[in-house]
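Report on the structure given below.
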Amino acid sequence: GAVVSQHPSWVICKSGTSVKIECRSLDFQATTMFWYRQFPKQSLMLMATSNEGSKATYEQGVEKDKFLINHASLTLSTLTVTSAHPEDSSFYICSAGSPTDRGSGYTFGSGTRLTVV
Amino acid sequence: AQTVTQSQPEMSVQEAETVTLSCTYDTSESDYYLFWYKQPPSRQMILVIRQEAYKQQNATENRFSVNFQKAAKSFSLKISDSQLGDAAMYFCAVYNFNKFYFGSGTKLNVKP
């Protein structure tokens with residue numbers, strides 16, 4: 001089946017630094033990748049939609065300059081949290097797929113736990 | 001706006017028994033997809049079952065089945081012969097307008 005690799009699984013960074021999270025589709029090409037944020041015991045909050053070769057579409061209220069998304073190839077999308085602050089600490093999840101395969105439900109990465117100290 | 005409502009924040013079921021998780025949604029589209037995802041403590045999202053809105057027949061996957069009522073915009077998940085490994089958060093989701101819309105989740109506890 002389709003596999004999405006997300007790295008790192010967890011990361012601790014100092015306040016003011018940047019951290020990059022990678023999302024790779026290992027055995028399929030993903031024209032679309034979604035980035036979510038999940039707070040403890042809450043649902044997934046869509047941050048942005050990343051389409052290969054074009055600029056990401058951010059949801060209302062998500063700072064595009066703070067959460068930089070790049071989808072340079074059909075198998076890789078990255079989320080960079082710039083100038084991280086403790087309030088950015090959260091669980092970030094990506095999912096990958098293609099609108100033509102929307103019935104498949106897309107495939108999720110295993111998530112990244114970010115802690116900013 | 002697309003909304004997905006899971007009215008049961010938490011439920012419990014005895015091992016080997018059957019439990020039903022409810023989900024209602026709101027969409028103006030006629031072509032969409034519905035999903036149930038499971039998120040165990042590892043937090044890996046796992047697809048449990050999916051349903052195409054244009055199909056009247058309810059989807060089934062082994063012990064998991066859905067009751068899809070399109071007119072009522074209801075999409076409930078039935079888990080038969082519950083197992084300890086079924087304990088997790090369950091999220092209902094609707095896909096349309098090129099996005100997934102998730103419900104708030106139902107925590108399922110399975111008692112031995």
Just distance, no hydrogens or angles: give the donor-acceptor pairs under 3.5 Å from side chains in residues 91-100 of chain B, sequence neighbours left out.
unit_1, atom_1, unit_2, atom_2, d
N96(B), ND2, Q2(B), OE1, 3.2
N96(B), ND2, T27(B), OG1, 2.6
K99(B), NZ, E59(A), OE1, 3.1
K99(B), NZ, E59(A), OE2, 2.8

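At a 4.5 Å heavy-atom cutoff, the contact between Y106(A) and chain B is made by backbone and side-chain atoms alike. Only the side chain of F35(B) comes within contact range of chain A, with at least one heavy atom under 4.5 Å from a heavy atom of that chain. Contacts of Q6(A) with chain B are absent, with no heavy-atom separation under 4.5 Å from either backbone or side chain. Heavy atoms of Y32(B) lying under 4.5 Å from chain A are absent altogether.
For E29(B), the CD atom sits in a packed shell: over 12 heavy atoms of surrounding residues, nucleotides or ligands are nearer than 6.0 Å. Counting non-hydrogen atoms of other residues, nucleotides and ligands closer than 6.0 Å to CD of E87(A) gives a total above 12. Within a 6.0 Å radius of NZ in K107(B), other residues, nucleotides and ligands contribute 12 heavy atoms or fewer. No more than 12 heavy-atom neighbours from other residues, nucleotides or ligands sit within 6.0 angstrom of CG on N62(B).
Other residues sharing the hydrophobic cluster of M47(A), ordered by chain and number and joined by side-chain separations under 4.5 Å: V11(A), V19(A), I21(A), W35(A), M45(A), Y58(A), V62(A), F67(A), I69(A), L79(A), V81(A), Y92(A), L114(A), V116(A).
With values rounded to the nearest 0.5 angstrom, M45(B) atom CE is found 7.0 Å from Q38(A) atom CD. With rounding to the nearest 0.5 angstrom, the CD atom of Q42(A) is 10.0 Å from the CE atom of M89(B).
Contact tally against chain A (heavy-atom pairs below 4.5 Å) for Q39(B), R50(B), R43(B), Q44(B): the top residue is R43(B).
Nearest approach of S43(A) to G103(B), heavy atoms of both residues: OG-O, 2.6 Å.
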